[in-house]
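Worksheet: one structure, shown below.
The figures here come from the full heavy-atom set of this structure, side chains too, leaving out hydrogens, waters and symmetry mates.
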Amino acid sequence: MKKILFIVSNRKDRSPGQRFRFEQYIRHLEENGYVCDFSPLLKNERLDKLFYGKGNHLKKAFILLNHFRQRYADLKKSRDYDVVFIYREALFTRSIYFEKKFSKWSKVILDFDDSIWLQNVSDANKKFGFLKNADKTKDLIRIAHLNTVGNEYLADYARQFSDSVKIIPTTIDTDEYQLKSYTDNDSRVVIGWSGSVTTIQHFNYAVPALKRIKEKYGDLVTIKVIGDGSYQHEELDIQGLPWKKATELEDLSTFDIGIMPLPDDEWAKGKCGLKALQYMALGIPSIASPVGVNSDIIQDGTNGFLAATENEWVKKLSELIEHPQLRKELGIKGRQTVIEKYSVEAWKNSYLDTFNKLTGS
């Protein structure tokens, strides 16, 4: 039996990045002779609230100290593993000590799905910003025996520091994500955005267009935000809903149109299109900014829409609001795209092969 130690920040089913990058492949790995163990830094909801919330600086310092202790424990047992899989980094700090040590005793895979070489510190943890050093990413890439990344933009960066780079797109389990049912009974159209507290800033790029849509269609349109329960927008009549794993699919399935607005900047270019893929997997017609991998996933007018300007957003939202049949057609084609190119089923054997080659299985 081959053994994999997953070095991660969050417990299972907590982080979208972890869930859609590798957690959904665990069963396939185990069915093919691998033992998979997880070592998350934030093990429960209480630690999540402390670490990602504002204030509590002394408690956060103790949390970081415990993280070092945990990684030392991981280091001691890592000799027993064939592969150490690191998602983004071993610690939330500038340290690369543990990655270096892991690579001496096991094969190391570094996986990332964002432009993590750019400094990005949450508002809640600005006082700890001095502990981070995004520039360490190039050293982590050099250390790893294999780098798995979510798109070509990330791969281009990684290839500057390593010849061992493989693109594995972020994927959706289309057995779990089933085609939503289409009904013509409710005349109200729901435009939805799904994300998190840290990405709500991207939703705001669509607000000017959504204001015009609301003025044009009034109560015919409802706008939903999922992922930030504190978000409010009185003019658009939005009260954000918190993300819940138990109701995620049910909440997303209330959307008639899914949107993924992004700025055209270096951070956004590293994004792997997860929101659009989630919508499309459920058969929800999607509109996204033509930034990064979005332009690869969506063929404008065929399996969704791309919108670069405010006027394009208004035009394409209007088309979908006014034509239920178009929503259905684009939704079905979008789901087919996910099944063929961005599903767990399409990628699971290639994913398994990645580990087999690294371990000589």
Counting distance only, does the side-chain N/O of [X] pair as donor-acceptor with the main-chain N or O of [Y] below 3.5 Å?
X    : Y    : answer
Y342 : L274 : no
S343 : A346 : yes
Q24  : F20  : yes
W117 : T137 : no
E89  : I86  : no
K2   : V35  : no
R327 : L320 : yes
H202 : P261 : no
Q18  : N10  : yes
N303 : I297 : yes

Within-4.5 Å side-chain heavy-atom neighbours: [X] and [Y]:
X    : Y    : result
L210 : W313 : no
F85  : L146 : no
V83  : T359 : yes
F112 : T148 : no
Y153 : K271 : no

Exercise for the section: Could you name each residue pair satisfying salt bridge (charged side-chain N to carboxylate O under 4.0 Å, His left out) that touches residues 192-206, not counting sequence neighbours? Expected result: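 Of all non-adjacent pairs touching residues 192-206, none passes salt bridge (charged side-chain N to carboxylate O under 4.0 Å, His left out).
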Handout entry: salt bridge (charged side-chain N to carboxylate O under 4.0 Å, His left out) partners of residues 145-158, not counting sequence neighbours, each pair once
Key =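 Only E152-R159, D156-R159 qualify under salt bridge (charged side-chain N to carboxylate O under 4.0 Å, His left out).
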Of the non-hydrogen atoms in [X] and [Y], which two are nearest, and what is the gap between them?
X    : Y    : result
I191 : L317 : CD1-CD2, 4.0 Å
N147 : S162 : ND2-OG, 3.5 Å
S106 : D82  : CB-O, 4.0 Å
P242 : I226 : O-CG2, 4.3 Å
P290 : A307 : CD-O, 3.3 Å

Does a donor on one side chain and an acceptor on the other come within less than 3.5 Å for [X] and [Y]?
X    : Y    : answer
K166 : T354 : yes
S196 : T198 : yes
T302 : K333 : no
R27  : N32  : no
N349 : H28  : yes

Should we count [atom1] of [X] as having more than 12 external heavy atoms under 6.0 Å?
X    : atom1 : result
Q325 : CD    : yes
K216 : NZ    : yes
Q239 : CD    : yes
K136 : NZ    : yes
E31  : CD    : yes
K107 : NZ    : no
E250 : CD    : no

Practice task
Supply the atom-to-atom distance Q232 CD to D237 CG, rounded to the nearest 0.5 angstrom.
Solution key: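 With rounding to 0.5 Å, CD (Q232) is 10.5 Å from CG (D237).
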Problem - From CZ (F305) to CD (E319), nearest 0.5 Å - result: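 So the CZ of F305 and the CD of E319 are separated by 4.5 Å.
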Problem - Salt-bridge present (K214, E235; N to O < 4.0 Å) - result: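 Salt bridge: no.
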Exercise for the section: Give a yes or no on whether a salt bridge exists between E176 and K245, defined as a side-chain N under 4.0 angstrom from a carboxylate O. Expected result: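 The answer is yes: the pair qualifies as a salt bridge.
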Exercise for the section: Go through the steps to decide whether E345 and I339 satisfy the test side-chain contact (heavy atoms from CB on, under 4.5 Å), and finish with yes or no. Expected result: CA-CA 8 Å; E345 187 63 29; I339 290 172; over 6 Å; no
Practice task
Measure centre to centre between the rings of F22 and Y87, then say whether the value is under 6.0 Å.
Solution key: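 Close enough - the centres of the two rings lie under 6.0 Å apart.
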Problem - Aromatic ring proximity Y231/F203, centre distance under 6.0 Å - result: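 Between Y231 and F203, the centre distance is under 6.0 Å.
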Handout entry: Partner set under ring-ring contact (aromatic ring centres under 6.0 Å, His included) for F98, not counting sequence neighbours
Key =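 F98 satisfies ring-ring contact (aromatic ring centres under 6.0 Å, His included) with Y72 only.
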